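Below: one structure, written as structure tokens.
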Amino acid sequence: MDRIEARNRIEELRRLLEENSRRYYVDNAPTISDFEFDTLMHELESLEAAYPEFDSPDSPTHKVGSDLDAPLEGNAEPLARTGFVQRRHRYPMLSLGNTYSISEIEEFTSRAERTLDGARFSYSCELKFDGTAICLTYRGGRLVQALTRGDGVWGDDVTENALRISNIPRQLHGDYPEEFEIRGEVLMPYEAFDALNREREDNEDPPFANPRNAASGSLKLVDPEEVAHRGLICTLYHIPAESVTFASHWEALDAAARWGLPVSDKRRLCHDIGEIREYIDYWDRQRKFLPFATDGIVIKINELDCQRTLGYTAKFPRWAVAFKFKAEQACTRLVSIDYQVGRTGAVTPVANLEPVQLSGTVVRRATLNNADIMEQMDIRTGDYVFVEKGGEIIPKITGVDLSKREAGAVRPEFPRNCPDCGTPLVKSPDEARWFCPNQDGCPMQIKGRLLHFTSRRAMDILAGEVTVEQLYELGLARRPSDLYKLSKWQLSSLEGWKDRAAQRFLDSLAESRKVPFERVLFAMGIRYVGETTAKAVARHFGNIDALAAASKEDLLQVDDIGEVIASSILDFMHDPVQQEEIARLREAGLQFSTDGGGAALSSALEGKTIVISGNFSISRDAMKELIAAHGGKTSSSVSGKTAFLLAGTKPGPEKLSKCEKLGVPVVSEEEFRKMLPEGGGAREGVTELTLF
């Protein structure tokens, strides 16, 4: 790999990691497994080490994944979505370095022995709980604050919600210190997780993918009383050495248990790598019998003086490491294969399995991805297949147990016609999937687009699969604009609908008229245009008319848009059916301009392209929102078109060097704030995002 290839791959990896970090921490909707994420992170670390000139403090390798500015989960009744107050952590709340290799645990212990140079120390081995991190502060024995990890420096104040978690004590007893912090994990046991998903499905809400997502979403609910019904529990595992006088981590946890705090009884004090191996091997077998999710083992240097000697990197403590378990695997029989048609027309094979227990849930279906994957695995109906839930997300088939294949097993044929509408499928040379081209007449595509349009991150309309199916079958909704013509009388006359349900649905439709242009654009379901791309396009063009008039060359000027996405947007905007639908949605009152429902605070940055680098008093995403609110746009790289580099603390040296070379001004956060009109962060909905 030459320098140019290395730089391009580094930039690509950073984009992938930042996007998937947001999906994991903020959206609670990961799309790749922990193992896949960690593999990408390790590749980036290796490339940055090999090409240090491309390293940057902005890189995901130097930052803790952030859950700040997370969208809140809705309740049964519509509630205003307000952000939590953000507060600074007294001590940085870092993440852990992790590995899937026992040899790297051996390297960790050897490195500790060399650095500590003859000092006597032991290891505290503990389960790595798969939940969402929390930091509790007790003063005078009373819980006074609970913060999420946030970005490691700032966290969301969720004290009122933490007080509703059954095993977090409001008041301690015994010989506790006057004031101290203790950190741990909020978990949702499997039993509570299953009950919550059954309730969500009954209410036509999408189920959570795994207990970790459910715990994180529940901790961020607007209504604290609803938190109390979610069945959350807490396990605490760390008191920062700076806030206690104990000699060891083990003593601190024993004391915490005496004070009434929920500390795990599954930990073990180990003295060498052999005992650590035994502990890992034991829990790799036994974890499937626990009532909650775990994804590894944490190994910590026990003695606090030794922890202080080893210290920290910018992202990890040097005195602790996590060993991650490989994804749990099960073997079961493939009963049949269904072929599902998505909203874009993509046909996905889905395996129907004999039920099997996996990572705390019963798995009956698993994706096979596409026809090429099926052919590579040489899969047959009746085969015994290996199923994994990488990161406990979506079950997938990873292989076939050929030793159990029955004689005469027939290879399934991928359909050549749409399994829903019968239209011949098409496949372009650069696509792995087959598509149904009948987008305006294929029922599954139509219903898929309606579901996408109503989803929480799009228009947030109270309509799940059952509602969409019912409205489609009765001919009441074929395209999104039809939803806005429904009356309360029509809805109340439908089977299963009562006046209250009809009114809630209509109220959510009314609220959707306030959804900003960027989300409307995402909701329209243009192929390849996700949330991030929709936001970039909306901010670049400002309104739907400018986008409709754009040429391919105009589209290619938008950050991160290439030939494929530009062609897809162009095709969509010139389709007469879509043009008519845009007109109908505009008539219904939806926002098709950044001036509507999300008006700019000022035009102080109009026409300016700004690159940001370093750390600021607010999160980087919040800074980007602030720039956009004043008419500017952000870019990831410095060029001759850059108006200025907005530099926080520890800006990237490569970007500073390029600014000097090109004569691009470098502006501090204080100088930047002075460019904005007084009160420039006070727009409703931006206040929480940009000010502390």
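Just so it is clear, the model here is predicted, and its values are computed rather than measured.
The ring pair (Phe, Tyr, Trp, His ring centres under 6.0 Å) analysis of residues 569-594, with sequence neighbours excluded, yields no pairs. Sorted by first and then second residue, the pairs that involve residues 438-482 and meet ring pair (Phe, Tyr, Trp, His ring centres under 6.0 Å), not counting sequence neighbours, are His452-Phe522. Evaluation of the ring pair (Phe, Tyr, Trp, His ring centres under 6.0 Å) test over residues 483-505, restricted to residues two or more places apart or in two chains, returns Trp497-Phe505.
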Applying side chain to side chain donor-acceptor pair (under 3.5 Å) to Asp499 and Ser492, what does each step give before you reach the verdict? CA-CA 6 Å; Asp499 283 353; Ser492 299; 3.1 Å; yes
The test is salt bridge (Lys or Arg N to Asp or Glu O under 4.0 Å); show your working for Arg457 and Glu531 and say whether it passes. CA-CA 8 Å; Arg457 295 202 301 274; Glu531 291 174 84; 2.7 Å; yes
Could you check Val227 against Leu232 for side chain to side chain contact (heavy atoms under 4.5 Å, CB included), going step by step and ending with a plain yes or no? CA-CA 8 Å; Val227 178; Leu232 298 174; 4.0 Å; yes
Walk me through it: do Arg433 and Asp372 pass the test salt bridge (Lys or Arg N to Asp or Glu O under 4.0 Å)? CA-CA 8 Å; Arg433 292 184 171 185; Asp372 292 346; over 6 Å; no
For salt bridge (Lys or Arg N to Asp or Glu O under 4.0 Å), just list the numbers for Lys220 and Asp156, CA-CA rounded to whole Å, side-chain angles, deciding distance to a tenth of an Å, and then say yes or no. CA-CA 9 Å; Lys220 290 290 193 73; Asp156 283 332; 2.9 Å; yes
Evaluate Leu221 against Arg230 for side chain to side chain contact (heavy atoms under 4.5 Å, CB included), listing each step before the verdict. CA-CA 10 Å; Leu221 284 167; Arg230 289 294 178 93; 3.7 Å; yes
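Going from atom SG of Cys331 over to atom OH of Tyr384 covers 8.0 Å, rounded to the nearest 0.5 Å. Once rounded to the nearest 0.5 Å, the distance linking CG of Asp554 with CD1 of Ile569 reads 11.5 Å. If you take CD on Glu581 and CZ on Arg586, they are separated by 13.0 Å, rounding to the nearest 0.5 Å. The line from CD1 of Ile526 to CE of Met573 is 6.5 Å long, rounded to the nearest 0.5 Å. Asp383 contributes atom CG, which lies 10.5 Å from atom CZ of Arg411 (distance to the nearest 0.5 angstrom).
With sequence neighbours left out, the side chain to side chain donor-acceptor pair (under 3.5 Å) criterion links Glu160 to Arg164. For Arg584, the side chain to side chain donor-acceptor pair (under 3.5 Å) partners are Ser481, Asp482, not counting sequence neighbours.
No donor-acceptor pair under 3.5 Å is formed between the side chain of Arg365 and the backbone N or O of Val350. Here the side chain of Glu185 pairs no donor or acceptor atom with the backbone of Asp130 at under 3.5 angstrom. Remark: side-chain polar atoms of Gln591 are paired, donor with acceptor, to backbone N or O of Arg513 under 3.5 angstrom. Between the side chain of Thr348 and the backbone N or O of Gln340 there is no donor-acceptor pair closer than 3.5 Å. Of the possible donor and acceptor atoms, none in the side chain of Ser216 sits under 3.5 Å from a partner among the backbone N and O of Arg212. Counting only distance, with no hydrogens or angles, the side chain of Asn167 and the backbone of Cys234 share a donor-acceptor pair below 3.5 Å. A donor-acceptor contact shorter than 3.5 Å is absent between the side chain of Thr332 and the backbone of Leu353. Ser568 places a side-chain N or O within donor-acceptor distance of the main-chain N or O of Arg527, the cut-off being under 3.5 Å. Within the 3.5 Å criterion, the main-chain N or O of Phe84 finds no donor-acceptor partner in the side chain of Asp157. Although no hydrogens or angles enter the test, the distance criterion places no donor-acceptor pair under 3.5 Å between the side chain of Glu354 and the main chain of Arg364.
Using a 4.5 Å cut-off on side-chain heavy atoms (C-beta onward), Val387 and Thr398 make no contact. Between Glu465 and Leu451, the closest side-chain pair of non-hydrogen atoms falls below 4.5 Å. For the pair Phe435/Thr344, a side-chain contact is recorded, criterion being any heavy-atom separation below 4.5 Å from C-beta on. Between Ile461 and Leu509 there is a side-chain heavy-atom pair separated by less than 4.5 Å. Using a 4.5 Å heavy-atom cutoff, the side chains of Ser508 and Asp460 are not in contact. Residues His540 and Leu555 have side chains not in contact (no heavy-atom distance under 4.5 Å, counting atoms from C-beta outward). Side-chain contact between Thr454 and Leu483: present, with at least one pair of heavy atoms (C-beta onward) separated by less than 4.5 Å. Side-chain contact between Val577 and Asp440 is present, with heavy atoms from C-beta onward closer than 4.5 Å.
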Report, one line per pair, each donor and acceptor closer than 3.5 Å where one atom sits in a side chain of residues 416-426; sequence neighbours left out.
unit_1	atom_1	unit_2	atom_2	d
Arg416	NH1	Phe414	O	3.4
Asn417	ND2	Gly422	O	3.0
Asp420	OD2	Met444	N	2.7

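For the residue pair Asp507 / Gln503, a side-chain donor-acceptor distance below 3.5 Å is found, with atom types taken as modelled. Side chains of Lys552 and Ser567: a donor-acceptor N/O pair is present below 3.5 angstrom, by distance only. Counted by atom type alone, Ser336 and Asn352 present one or more donor-acceptor pairs between their side chains at under 3.5 Å.
Taking the six-membered ring for Trp and the full ring otherwise, Tyr190 and Phe292 have centroids separated by 6.0 Å or more.
Under the 4.0 Å criterion applied to side-chain N and carboxylate O atoms, Arg539 and Glu518 are assigned as salt-bridge partners. Salt bridge Arg479/Glu580: present, at least one basic N to carboxylate O contact under 4.0 Å.
In summary, of the residues considered (Thr533, Val558, Leu570), a side chain to side chain contact (heavy atoms under 4.5 Å, CB included) with Ile565 occurs for Thr533 alone.
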